[in-house]
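Throughout, protein chains are lettered first and strands after them, A, B, ... in sequence-line order, and every chain is numbered starting at 1. Since this is a predicted model, take the numbers as computed values, not measurements.
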Number of protein chains: 2
Amino acid sequence: MSNINTDFNNRTIEYEQLLSDFKMLLKKNNLKFTIQREVILETLYDSDEHLTPEALHHLIQDKQPDLKTGIATVYRTLALLEESHVVNSLSFGAQGKKYELGAKEHHDHLICTQCGKITEFVDEEIEKRQHAITDELNFKMSDHSMQIYGTCSECQEKNI
Amino acid sequence: MSNINTDFNNRTIEYEQLLSDFKMLLKKNNLKFTIQREVILETLYDSDEHLTPEALHHLIQDKQPDLKTGIATVYRTLALLEESHVVNSLSFGAQGKKYELGAKEHHDHLICTQCGKITEFVDEEIEKRQHAITDELNFKMSDHSMQIYGTCSECQEKNI
DNA sequence: AGCTAAAATCGAAAAAATTATTATTTAAGG
DNA sequence: CCTTAAATAATAATTTTTTCGATTTTAGCT
């Protein structure tokens with residue numbers, strides 16, 4: 001399967017860009033590009049979820065069972081990626097700290113606390129205001145997250 | 001010291017309100033109002049910081065050394081308070097999960113991922129858009145939270 | 001391709017954070 | 001004051017995260 005946004009390796013151009021940026025970053029800091037680091041980046045890229053270190057580790061073990069990537073490597077790499085602002089970490093509610101690629105499109109979440117359904121949305125007005133706010137305070141925004149909690153229309157009907 | 005917003009016990013009216021809401025909540029759920037729970041609430045109220053469970057525990061031990069409040073009680077109470085939406089938790093960067101009172105004025109967060117400083121803000125435009133979005137989707141909003149991550153002006157200067 | 005030095009990895013152990021357990025104490029209501 | 005259910009402290013157990021030493025791997029060089 002291939003489409004207009006994939007290259008000869010069937011990877012998206014976006015991912016190739018991310019990967020080459022990562023390689024550049026490593027070189028700049030005299031760090032080495034390892035298979036483990038690539039797999040971690042790739043797995044983060046392929047996942048739309050926000051992942052805990054443990055969840056990420058599991059995904060990697062499924063994807064590359066022969067490459068016995070240790071959990072410590074996952075932690076070390078996530079810390080490196082976070083320092084470099086390649087990934088962001090955040091925590092939702094009672095759950096632990098979760099990581100996601102920072103390079104992806106921003107999106108916000110509507111979360112139904114009854115059925116758990118998550119709807120993503122982007123609102124231009126809100127985005128604009130966020131930029132206005134950060135500009136005014138001379139704050140350099142790298143990412144943002146917004147969650148609206150409540151009851152979706154389906155669940156409201158169920159409740160009647 | 002006393003001022004117009006404090007009552008005979010030299011506590012703010014706002015705090016008294018919070019406390020009585022908390023007592024109501026406990027009663028409604030057949031839970032008990034304990035000295036430990038009061039101290040935890042009070043300490044959260046008195047602190048303008050966002051506190052880790054451990055930091056909160058230390059503050060409590062300083063405030064009430066004779067009342068050997070256990071760390072487990074702090075965790076349990078924070079979980080209870082979070083479930084009840086009396087406190088919110090947020091986490092970022094290398095630092096752990098932090099808690100703050102949710103009963104104070106609603107506000108969003110600007111979080112510097114470099115120094116950890118948290119700046120609170122409220123933007124009426126954003127609040128309006130949130131309501132517009134949920135109204136349009138017939139989603140009944142109960143709560144929302146927003147965090148903007150990035151680098152504060154001080155840290156930007158440090159980086160030069 | 002082979003050599004070398006620096007860095008990264010694994011695996012395991014240690015440390016830190018969080019949660020569960022149990023015996024005892026405490027709050028709330030009669 | 002009594003009773004009972006719930007909360008607590010203390011500690012143990014579990015889970016999460018970090019550290020450490022031995023070994024492997026990478027990157028640059030020849």
Nearest-angstrom distance from the residue atom CD1 of A:I71 to C1' of D:dT19: 15 Å
For residues 54-76 of chain A, pull every pair meeting ring pair (Phe, Tyr, Trp, His ring centres under 6.0 Å), keeping only residues two or more places apart or in separate chains. none
Test of understanding: with salt bridge (charged side-chain N to carboxylate O under 4.0 Å, His left out), list the residues that count as partners of A:E127, not counting sequence neighbours. none
At 4.0 Å (heavy atoms only), tell me whether A:T69 reaches a base, stays on the sugar-phosphate, or touches nothing. sugar-phosphate
Give each protein N/O atom lying under 3.5 Å from an N/O atom of nucleotides 27-30 of chain C, with the pair distance.
from: C:dA27; atom 1: O3'; to: B:F33; atom 2: O; distance (Å): 3.3
from: C:dA27; atom 1: N3; to: B:K32; atom 2: NZ; distance (Å): 3.3
from: C:dA28; atom 1: OP1; to: B:F33; atom 2: N; distance (Å): 3.3

By the 4.0 Å heavy-atom rule, please label A:R37 as base, sugar-phosphate, or nothing. sugar-phosphate
Taken in chain and number order and not counting sequence neighbours, the residues that satisfy side-chain hydrogen bond (donor to acceptor under 3.5 Å, both in side chains) with A:Q64 are none
Sequence neighbours left out, what passes side-chain hydrogen bond (donor to acceptor under 3.5 Å, both in side chains) with A:Q36? Give chain and number order. none
Residues which pass salt bridge (charged side-chain N to carboxylate O under 4.0 Å, His left out) with B:E154, listed by chain and number, not counting sequence neighbours: B:K117
Apply salt bridge (charged side-chain N to carboxylate O under 4.0 Å, His left out) to A:D123 and list each qualifying residue two or more places apart in sequence or on a separate chain. B:R129
A:I40 atom CD1 is separated from C:dA8 atom P, nearest whole Å, by 12 Å
Interatomic distance where OH belongs to A:Y75 and P belongs to D:dC20 [whole Å]: 18 Å
Ion pair A:K128/B:E125, N-O distance below 4.0 Å: no
Partners passing salt bridge (charged side-chain N to carboxylate O under 4.0 Å, His left out) against A:E54 (at least two apart in sequence or in another chain): none
The helix from C:dA1-D:dT30 to C:dG30-D:dC1: angle between terminal helix axes, five bp per end, to the nearest 10 degrees, reads 50°
Nearest-Å distance, CZ (A:F22) to P (D:dT26)? 14 Å
Please tabulate, one pair per line, all N/O donor-acceptor pairs under 3.5 Å involving side-chain atoms of residues 19-29 of chain B, not counting sequence neighbours.
from: B:S20; atom 1: OG; to: B:Q17; atom 2: O; distance (Å): 3.4
from: B:D21; atom 1: OD1; to: B:Q17; atom 2: NE2; distance (Å): 3.1

Starting at CD of A:E82 and ending at P of D:dT18, how long is that distance when rounded to a whole Å? 10 Å
Tell me which residues in residues 54-68 of chain A lie within less than 4.0 Å of DNA chain C, going by non-hydrogen atoms. A:K68
Using distance alone, with no hydrogens and no angle criterion, decide if B:Q156 and B:T151 have a side-chain donor and acceptor under 3.5 Å apart. no
Quick note, side-chain hydrogen bond (donor to acceptor under 3.5 Å, both in side chains) partners involving residues 130-142 of chain A, not counting sequence neighbours, are A:Q130-A:H144
